[in-house]
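Taking it in order: structure first as structure tokens, then the write-up.
So you know, we letter chains A, B, ... as the sequences are listed, proteins then strands, and number each from 1. What you see is a predicted model, and the numbers here were worked out from it, not measured in a lab.
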Amino acid sequence: MDLDPLQAFRERAVELIGSGLKKLGTETVLPVEIPPDGMGDFAFPCFPLAKELRKSPVEIAKAMAGHIGNDPMFCKIESAGPYVNFHISPNELVGRTLVSVLGLKGEFGNAPPTSQKINLEHTSANPNGPLHVGRARNPIIGDTLARILRRCGNDVTTEFYVDDMGKQQVTLTWGVENLTQEGEIHSKPDHAMVWYYQEASRRMEADPKVLAEINAMISRYEARDPDIAARVRANCEKVLAGMNQSMGRLGIKFDSFAWESKYIFDGSVEKIIEKLRSLECTSVDNGALYLDLNEFGISGKENKFFLTRGDGSSLYSTRDMAYHLDKLANYDSAIDVLGEDHRLKARVVGIGVRLLGQEKPIEPVFYSFVSLPEGKMSTRRGRVVYLDDLIDEAVAIARDEVEKRRPEVSEELKSSIADAVGTGAIRYNIIRIQAEKQLVFKWEEALNFEGNSAPFIQYSHARASSILRKAGESAGHDASLLTHPSEVQLAKMMARFPSVIKECGRSKESHLLAAYAYDLAAMFNQFYRDCPVLVAEEKLKSARLAMVKASKIVLGNALDTLGIMAPEEL
RNA sequence: GGACCUGUAGCUUAGCCAGGAUUGAGCGCUGGCCUUCUAAGCCAGAUGUCAUGGGUUCGAAUCCCAUCAGGUCCGCCA
């Protein structure tokens, strides 16, 4: 059984091209391509050989096709103009694909284990209020990538780096300790706590006395006052619990939490500052240690990247270096999902970690912010759409739809379908877009349930499930009966899944998987239209049921990798 | 001033990293399909100077240079 059914065909095509090239008398090795629809499954363009062989590409293609002859894995190997095209033998492909999918089930698409231990840090939002959709890309990209990399055979640990040392956290704590919230208090802790942060920020801006009090707290905190640390941490934990609850609704949970303050209190930040101080590329300005970015080919308005304040206390990036050294001591590599505003910092942290003698890779994955039509979201100003509100709205709309479409089913089932559809739609509508593209949040787009959306894919999965429910048990299948173009195309699409997972893992681009899941569902819908299953003659019915079973598995695996639920009915 | 990311149909987008045969989709729009496995579906149609201008190449949406537009960063904040 092949882990990757398409791979065998590709390898055979490459082999055949190799032998064809040899017969033409050239050592040149060239990659195969995927041709446009209808031109076969693998293509070999002959242009690059024209100069060397002093023949036209068309002649070369003809000669190649002649030399290659026939092969049982391909039903046709022919020249088409300057190309040699390979058409996979449908029987062979359908048979092998069904064996792989039905044999591997939930594991179909997975690569063999790599023994790579990866720490994947994502989200790491300041715990001063609920998650808003401006940053919601981060947990969704991070969690999807973790799922992909696990399927690629890696041992992945997801981690949330809790920034409990920032001014924002101290401001929140000052608010909690000095202000009293009136009126109804939100039952979810992050929503209840954000008022203190917003109100304390306002007071701090208006009243220098408040600012002085907060600054005094920060100084004591950085001087490792354990009392302040405990008070700040307690507030962070409350907000964090609320954030985790929100992410949990989207199927996102973390394996580990790393607290920034740890690296101050355990002395590791102090140690690396000493080490950095001893390096030739660092200098001191008014007592503050800095790195000269010019030496690393980075230029800007200001080329000094400060590592400490004038009093020798640490800065965020320096603590981040300590954190990354700690991570890399325990993992083979680190992946950080970061907003695009962190690009320079991430680069400098990477430089710092190298300077400190750690060579293991840190790979950043960047995304652009989600903004509102009226501008950037801001927790402090309260100009935000909270993730919880988006989820509530999506689930409520899905619930209305279920009520309309399936009035007969139980309340419990209605709720679970609405939950799967609402949360799935949110994840899908964010992950389907390439991370670097800037995104303007629009309710109607975020709540899209039609066409290129999660419910479209979930719907195909539900239809497959429904057919299987009605069919009952079936015996073996004869794949050679599956000759309808829609059956062959569907099998081909399923066979692609392992290479899509591989490619997503290589490029760290999860949107490719979303596109694949959509294409697969669309292909299943065509099959569903063209190939009746339950009314087919007995042998054909069994064969088609195998197709449906396999489709359900691959759709389910794709949705699972996207972190989207795959209900049995919709 | 310097650096990085993005620019493809009215809107949203895939393809760009690894150049190759007609640039694929979704929404919206026009028309058709529920007495056959769930119409969150299917089919047909209209819609593209691939931001602009050069260059490299047999061949450029894809690579290089310049320009324009949007975003981000260049803080002894995080």
Side-chain angles (χ1 to χ4, degrees), chain A residues 31 33 35-39 43 45 47-48 50-51 56-57 80-83 85 126 163 165-169 260 285-290 293 297-313 315-317 319-320 339-345 347 366-369 371 376 398 401-402 404-406 421 425 429 432-440 442 444-445 448-460 462-471 506-507 509 511-512 514-515 518-519 522 525-526 528-536 544 548 569-570:
Chain A
E33 305 182 346
D37 270 352
M39 313 287 241
F47 306 98
K51 246 183 205 157
S56 80
Y83 297 88
N85 291 339
N126 290 329
D163 173 14
M165 287 297 295
K167 188 175 191 172
Q168 303 185 36
Q169 301 323 312
E260 185 181 10
D285 180 6
N286 274 327
L289 187 70
Y290 69 88
L293 294 182
I298 302 171
S299 57
K301 227 190 289 181
E302 178 59 70
N303 294 313
K304 291 175 182 170
F305 191 95
F306 283 92
L307 300 163
T308 74
R309 296 193 180 91
D311 63 5
S313 63
L315 293 167
Y316 174 83
S317 292
R319 302 195 285 264
D320 213 11
E340 59 177 341
D341 54 334
H342 282 71
R343 279 193 132 101
L344 176 64
K345 273 153 287 188
R347 208 166 148 193
F366 297 106
Y367 65 92
S368 299
F369 297 121
S371 59
K376 251 172 109 170
E401 281 301 312
V402 179
K404 264 186 248 164
R405 293 165 201 268
R406 309 289 306 278
V421 166
N429 284 327
R432 75 187 174 87
I433 291 165
Q434 192 193 334
E436 295 87 357
K437 287 222 172 167
Q438 50 211 67
L439 223 152
V440 178
K442 290 181 193 121
E444 64 273 26
E445 278 169 23
N448 174 34
F449 291 177
E450 279 168 15
N452 191 1
S453 69
F456 179 93
I457 304 160
Q458 292 170 316
Y459 186 66
S460 297
R463 276 177 152 180
S465 307
S466 165
I467 293 174
L468 295 173
R469 261 198 312 277
K470 290 187 173 155
R506 185 199 66 80
S507 64
E509 291 184 335
H511 70 279
L512 304 175
Y518 174 76
D519 289 342
N525 291 349
Q526 281 182 41
Y528 180 92
R529 179 196 68 212
D530 296 334
C531 306
V533 178
L534 298 175
V535 297
R544 285 187 172 165
V548 175
E569 46 189 307
L570 226 60

Open item on the list: Less than 4.0 angstrom between a side-chain N/O of A:Arg319 and OP1 or OP2 of B:A78, yes or no?
Closed with: yes
Open item on the list: At 4.0 Å (heavy atoms only), tell me whether A:Gly166 reaches a base, stays on the sugar-phosphate, or touches nothing.
Closed with: sugar-phosphate
Open item on the list: Counting the atoms with a prime plus P, OP1 and OP2 as sugar-phosphate, which does A:Asn303 contact under 4.0 Å by heavy atoms, base, sugar-phosphate, or nothing?
Closed with: nothing
Task: Integer-rounded Å distance: B:C11 C1' and A:Lys442 NZ - done: 7 Å
Task: Whether A:Asp311 side chain and A:Ser313 backbone form a donor-acceptor pair below 3.5 Å - done: yes
- [ ] With the side chain counted from C-beta on, respond yes when A:Tyr528 and A:Ile467 share a heavy-atom pair under 4.5 Å apart, and no when they do not.
- [x] yes
Open item on the list: Does A:Tyr518 reach a base, just sugar-phosphate, or nothing at all? Heavy atoms under 4.0 Å.
Closed with: sugar-phosphate
- [ ] Output all residues satisfying ring-ring contact (aromatic ring centres under 6.0 Å, His included) with A:Tyr316, sequence neighbours left out; order by chain, then residue number.
- [x] none
- [ ] Starting at atom CG of A:Asn525, determine the distance to atom P of B:C37, rounded to an integer number of angstrom.
- [x] 14 Å
- [ ] For A:Ser368 and for A:Lys304, find the nucleotide of RNA chain B with the closest heavy atom, then tell me which residue's nucleotide is more 5'.
- [x] A:Ser368
TODO: Check the distance between B:G41's P and A:Leu570's CG and give it to me in whole angstrom.
DONE: 10 Å
- [ ] Could you check which nucleotide pairs with B:U67 in any of the strands shown, counting Watson-Crick or G-U wobble with both distances under 3.5 Å?
- [x] B:A51
Open item on the list: Applying ring-ring contact (aromatic ring centres under 6.0 Å, His included), can you list everything that pairs with A:Tyr290, at least two apart in sequence or on another chain?
Closed with: A:Phe306
- [ ] Starting from P on B:A39, measure out to CZ on A:Phe456 and report it in whole angstrom.
- [x] 13 Å
TODO: Using the P atom as the reference point in each nucleotide, state the distance between B:U8 and B:C63 in Å, no decimals.
DONE: 16 Å
TODO: Describe the nucleic acid contact of A:Lys376 in one word from base, sugar-phosphate, nothing, applying a heavy-atom distance below 4.0 Å.
DONE: sugar-phosphate
Open item on the list: By the 4.0 Å heavy-atom rule, please label A:Glu260 as base, sugar-phosphate, or nothing.
Closed with: sugar-phosphate
TODO: Pull up the glycosidic torsion of B:C29 and say syn or anti, syn being anything within 90° of 0.
DONE: anti
Open item on the list: Would you measure the distance from the P atom in B:A61 across to the matching atom in B:C17 and give it in whole Å?
Closed with: 12 Å
Open item on the list: Any base atoms under 4.0 Å from A:Lys345, or only sugar-phosphate, or nothing? Heavy atoms, all strands.
Closed with: base
Open item on the list: Need one value for A:Ser466: base, sugar-phosphate or nothing, where a base atom within 4.0 Å counts as base even if backbone is also close, heavy atoms only.
Closed with: base
Can you pull every protein N or O that's under 3.5 Å from an N or O on nucleotides 13-24 of chain B?
from: B:A14; atom 1: OP1; to: A:Gln434; atom 2: N; distance (Å): 3.1
from: B:A14; atom 1: OP1; to: A:Gln434; atom 2: OE1; distance (Å): 3.4
from: B:A14; atom 1: OP2; to: A:Lys437; atom 2: NZ; distance (Å): 2.5
from: B:G15; atom 1: OP1; to: A:His511; atom 2: NE2; distance (Å): 3.1
from: B:C17; atom 1: N3; to: A:Arg506; atom 2: NH2; distance (Å): 3.2
from: B:A18; atom 1: N6; to: A:Glu503; atom 2: OE2; distance (Å): 3.0
from: B:A18; atom 1: N6; to: A:Arg506; atom 2: NE; distance (Å): 3.3
from: B:A18; atom 1: N6; to: A:Arg506; atom 2: NH2; distance (Å): 2.1
from: B:G20; atom 1: O2'; to: A:Tyr83; atom 2: OH; distance (Å): 2.2
from: B:A21; atom 1: N6; to: A:Asn85; atom 2: OD1; distance (Å): 2.9
from: B:A21; atom 1: N1; to: A:Asn85; atom 2: OD1; distance (Å): 3.3
from: B:A21; atom 1: N1; to: A:Asn85; atom 2: ND2; distance (Å): 3.2

Task: Pairing nucleotide - B:G28, Watson-Crick or G-U, each distance under 3.5 Å - done: none
- [ ] Take atom C1' in B:U6 and the same atom in B:A51, then report the distance between them in whole Å.
- [x] 11 Å
TODO: Provide the distance between the two C1' atoms, one in B:A21 and one in B:U67, to the nearest whole Å.
DONE: 32 Å
Open item on the list: Check the phosphate of B:C42 against A:Arg463, side-chain N and O only, distance under 4.0 Å to OP1 or OP2. Yes or no?
Closed with: no
Open item on the list: Does A:Lys470 reach a base, just sugar-phosphate, or nothing at all? Heavy atoms under 4.0 Å.
Closed with: sugar-phosphate
Task: Whole angstrom value for the distance that separates P of B:C73 from CZ of A:Phe305 - done: 14 Å
Task: Rounded distance in Å between the P positions of B:A25 and B:A44 - done: 10 Å
Open item on the list: Between B:U57 and B:C11, how far apart are the two C1' atoms, rounded to whole Å?
Closed with: 36 Å
- [ ] Look at the side chain of A:Lys345 and the backbone N and O of A:Asp341, then say whether any donor-acceptor pair between them is shorter than 3.5 Å.
- [x] yes
Task: Pair A:Glu401-A:Arg406, salt bridge (Lys or Arg N to Asp or Glu O under 4.0 Å): steps then yes or no - done: CA-CA 8 Å; A:Glu401 281 301 312; A:Arg406 309 289 306 278; over 6 Å; no
Open item on the list: Test your reading of the model: is there a side-chain donor-acceptor pair from A:Arg319 to the backbone of A:Glu260, 3.5 Å cut-off?
Closed with: no
Task: Side-chain donor or acceptor of A:Asp163 paired with backbone N/O of A:Asn126 under 3.5 Å - done: no
Open item on the list: Counting only Watson-Crick pairs (N1-N3 plus N6-O4 or O6-N4) and G-U wobbles (N1-O2, O6-N3), all under 3.5 Å, who is the partner of B:U36?
Closed with: none
- [ ] Supply the atom-to-atom distance A:Tyr367 OH to A:Ile433 CD1, rounded to the nearest 0.5 angstrom.
- [x] 15.0 Å
TODO: For A:Val402, report the nucleic acid contact type (base, sugar-phosphate, nothing); a contact means any heavy atom under 4.0 Å.
DONE: base
Open item on the list: If you apply the rule salt bridge (Lys or Arg N to Asp or Glu O under 4.0 Å), what do you find for A:Lys304 with A:Asp285, and how did you get there?
Closed with: CA-CA 9 Å; A:Lys304 291 175 182 170; A:Asp285 180 6; 3.1 Å; yes
- [ ] Could you check whether A:Val548 gets within reach of a base, just the sugar-phosphate, or nothing at all, counting any heavy atom under 4.0 Å?
- [x] nothing
TODO: For B:A9, give its Watson-Crick or G-U wobble partner with both distances under 3.5 Å, or none.
DONE: none
Task: Touch class at under 4.0 angstrom, heavy-atom based, for A:Asn286 against every strand present - done: base
What nitrogen or oxygen pairs link the protein and nucleotides 30-36 of chain B at under 3.5 Å?
none

Open item on the list: How many whole angstroms separate atom CZ of A:Arg343 from atom P of B:A78?
Closed with: 22 Å
Open item on the list: Just to verify, what does A:Phe456 make a ring-ring contact (aromatic ring centres under 6.0 Å, His included) with, not counting sequence neighbours?
Closed with: A:Tyr518
Could you run down the sub-3.5 Å N/O contacts of the protein with nucleotides 50-52 of chain B?
none

Task: Whether A:Ser368 side chain and A:Glu436 backbone form a donor-acceptor pair below 3.5 Å - done: yes
Open item on the list: Measuring only the C1' atom in each nucleotide, how far is B:G28 from B:G45? A whole number of Å is fine.
Closed with: 14 Å
Task: Euclidean distance for C1', B:G59 against B:G19 (whole angstrom) - done: 8 Å
- [ ] Please state how far atom CZ in A:Phe369 lies from atom P in B:G70, giving the value in whole angstrom units.
- [x] 19 Å
TODO: Return the nucleotide paired to B:C73: Watson-Crick means purine N1 to pyrimidine N3 with N6-O4 or O6-N4, wobble means G-U with N1-O2 and O6-N3, both under 3.5 Å.
DONE: B:G2
Task: B:C73 phosphate, OP1 or OP2, under 4.0 Å from A:Arg347 side-chain N/O - done: no
TODO: Could you tell me the separation between the CG atom of A:Asp530 and the P atom of B:G41, rounded to a whole number of Å?
DONE: 17 Å
Task: Residue mapping more 5' on RNA chain B - nearest nucleotide basis, A:Ile298 or A:Arg529 - done: A:Ile298
- [ ] For the residue pair A:Asn448 and A:Asn429, establish whether any side-chain heavy-atom pair is separated by less than 4.5 Å.
- [x] yes
